[in-house]
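To start, the structure itself, in structure tokens.
Keep in mind it's a predicted model, so treat the numbers as computed, not measured. Below, read A as the first sequence line, B as the second, and so on, with proteins coming before strands; counting in each chain starts at 1. Below, all heavy atoms of this structure are taken into account, side chains as well, without hydrogens, waters or symmetry copies.
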2 protein chains.
Amino acid sequence: MLTISQLAAYAGVTVRAVRHYHKIGLLPEPGRDRSGYRTYDAAAVVRLIRIRTLADAGVPLARVQELLDAGPAEFADGVQEIDKHLRAEIRRLQDTRSRLARLATGEHLALPQSVVDYLDRLRGLGVGERYIELERDAWIMIAAQVPHLIDSVIAKKHEELDDPDMVRLYGFFTGELDWPADDPRIVEVADVLERLMIRAVEAGAAGGDGFDDQFVALMDSTMLESAPGAELVLAILKERGWRGWTRIERVPADRLGTELPPP
Amino acid sequence: MLTISQLAAYAGVTVRAVRHYHKIGLLPEPGRDRSGYRTYDAAAVVRLIRIRTLADAGVPLARVQELLDAGPAEFADGVQEIDKHLRAEIRRLQDTRSRLARLATGEHLALPQSVVDYLDRLRGLGVGERYIELERDAWIMIAAQVPHLIDSVIAKKHEELDDPDMVRLYGFFTGELDWPADDPRIVEVADVLERLMIRAVEAGAAGGDGFDDQFVALMDSTMLESAPGAELVLAILKERGWRGWTRIERVPADRLGTELPPP
DNA sequence: ATGGAGGGTTGACCCAGCGTCAAGGTCAAG
DNA sequence: CTTGACCTTGACGCTGGGTCAACCCTCCAT
């Protein structure tokens, strides 16, 4: 006959755990010797080892009890199920490992690959890290709100970058971003933007861009929040008869002065 | 700006978890809008995703906090450590899978391989499952109490099985085991055992078997508890001047009648 | 016989990491 | 104005034990 600590040591568990299993009725209370010590037999060893094997597999103790007290068919089914869980868990941990490896480096975890690629393209154009971070944060906000649209939006952005004027536009964002309000480059930026807008309108953007009003408002407000000076540029363009940002519109002369809806 | 559920959904956690992270100071409380709702920015998204990546790797939240607020060197060290843990955990789960596969089948989990092999050898000799189970339970008890000795004991048992008389002895245990006290086979068993004992003594077993008294007592009492009828056989042998079981002794004529120590 | 080590006994409280109500206040749409 | 989907705080529950605390048993050496 075994004492509780002999039993526990052989099965690789603590004495406390064995007593816990008694308390919840998972392992039957054995007989006691005349001094009150529990005395275990081989059946207890076998049952305890079965308990541990299942518990190590992550099975809740209540389920362990069901399984051990069930027929062989149900038991086999249960074990199948547990093994499936184990395989999934192993795959999850392997995935976690690869995510962990990317933890230190960059924005890869917070953004879909398409956006990461887009930001890398901007870097390739010489855009400064300061501005890249602003863009990144804006894209994080957009991706968080409309994850299903993000890939198609980024695809449009890539198309836009095929236009040399767009490349020129991004070329402004290489150094410090806090331009004073009278910085002459602001007018240059507005000029480039106006050319882009004209071309966009000519290309038929007026017809509709496939996005609904809410999403356009989201894009506009996010970009306005993220890019310092964007308001200044928008003000200049408004004087010239343009409205919008994500969705470009020529403002009819009689409506000049109408505000954008508040972000 | 994001609401808490947008943030949570994007990071793949529950709203409740985000609030929990606020409560323990892991994720800073963001600003509120005029109605008291929390409003999150991109930095919160990034931090929350980092938190989840580490937490998914099994890192306690307190440790996550330390890591995220530490310098890059300490962070890299910590990630190394976590990855080591992950690899170990994956190996542990794979091991659990193979143990799980053996759960339904046999005694493999409760006994070392050497004993399993020994029991298989007994089966090969035609010993009945009823008796095998008794042996198995006895070996479980012995292995639980003196795991470091089990392999050498089993090795001795294997040697003993090379003796044809020992094979003959086990040959008795094929069917029912509850022999009546006057079953003639009991005398036959005693005869075979006596021949074995004589040969053992001649072979020099008297010199000492390398086991201490406590262990011999353990073997004796375990086998006596497990095998019905063993006491009868021992009684017959005692009349013939033998004592012991695990350790065989010729009892000098003047001490005939001396009892074995109580188990 | 006695004292100390090293078992054993019960009981009660404590932990992470949230899940799950409960009991409301807010917001957008119809 | 209502409805339904959010948001807020707060409190309790859960698993699988760990960690005292306070005491009893047994064995061994002295």
With a 3.5 Å cut-off and sequence neighbours excluded, list the donor-acceptor pairs that the side chains of residues 68-82 of chain A form with protein atoms.
{"from": "A:D69", "atom 1": "OD1", "to": "A:R47", "atom 2": "NH1", "distance (Å)": "3.2"}
{"from": "A:D69", "atom 1": "OD1", "to": "A:R47", "atom 2": "NH2", "distance (Å)": "3.1"}

*Count the heavy atoms belonging to other residues, nucleotides or ligands that lie under 6.0 Å from NE2 of B:H85, then report whether that count exceeds 12.*
no
_Using whole Å, what does the distance between atom P of nucleotide C:dG8 and atom CD of A:Q6 come to?_
8 Å
*How many Å lie between CD on B:Q65 and C1' on C:dG17, as a whole number?*
15 Å
*Give the nucleotide from the list D:dC7, C:dT9, C:dA29 with an atom nearest to the side chain of A:Q214.*
C:dA29
*Answer yes or no: does a side-chain N or O of B:T3 lie under 4.0 Å from OP1 or OP2 of D:dC6?*
no
_Run the side chain to side chain donor-acceptor pair (under 3.5 Å) test against B:Q94 and tell me which residues pass, sequence neighbours left out._
none
*Please name all residues satisfying side chain to side chain donor-acceptor pair (under 3.5 Å) with B:R50, sequence neighbours left out, ordered by chain then number.*
none
*How close or far is atom P of C:dT10 from atom NZ of A:K23, stated in whole angstroms?*
8 Å
*Quick one: is B:R38 getting a side-chain N or O under 4.0 Å of the D:dC7 phosphate, OP1 or OP2?*
no
*Mark up nucleotides 15-27 of chain D, 5' to 3', with B wherever a protein heavy atom is under 4.0 angstrom from a base atom, S wherever such an atom reaches only the sugar-phosphate, and - elsewhere.*
-BBBB-----BS-
*For the pair made of CG in B:L2 and P in D:dC7, what is the distance, rounded to whole Å?*
11 Å
*How would you label the contact of B:R32 with the nucleic acid (heavy atoms, under 4.0 Å): base, sugar-phosphate, or nothing?*
sugar-phosphate
*Send over the distance from B:I4 CD1 to C:dG25 C1', rounded to a whole Å.*
16 Å
*Specify the separation, in whole Å, of atom CZ of B:R63 and atom P of C:dA16.*
16 Å
*Give the rounded distance in Å between these two atoms: CG of B:D56 and P of C:dA16.*
19 Å
_Quick check: do B:I4 and B:Y37 have side-chain heavy atoms less than 4.5 Å from each other?_
no
*Rounding to a whole Å, what distance do you find between A:R19:CZ and C:dT10:P?*
7 Å
*Sequence neighbours left out, what pairs pass side-chain hydrogen bond (donor to acceptor under 3.5 Å, both in side chains) with at least one residue falling in residues 10-20 of chain A?*
none
*Can you name the residues that form a side chain to side chain donor-acceptor pair (under 3.5 Å) with B:D151, not counting sequence neighbours?*
B:S114
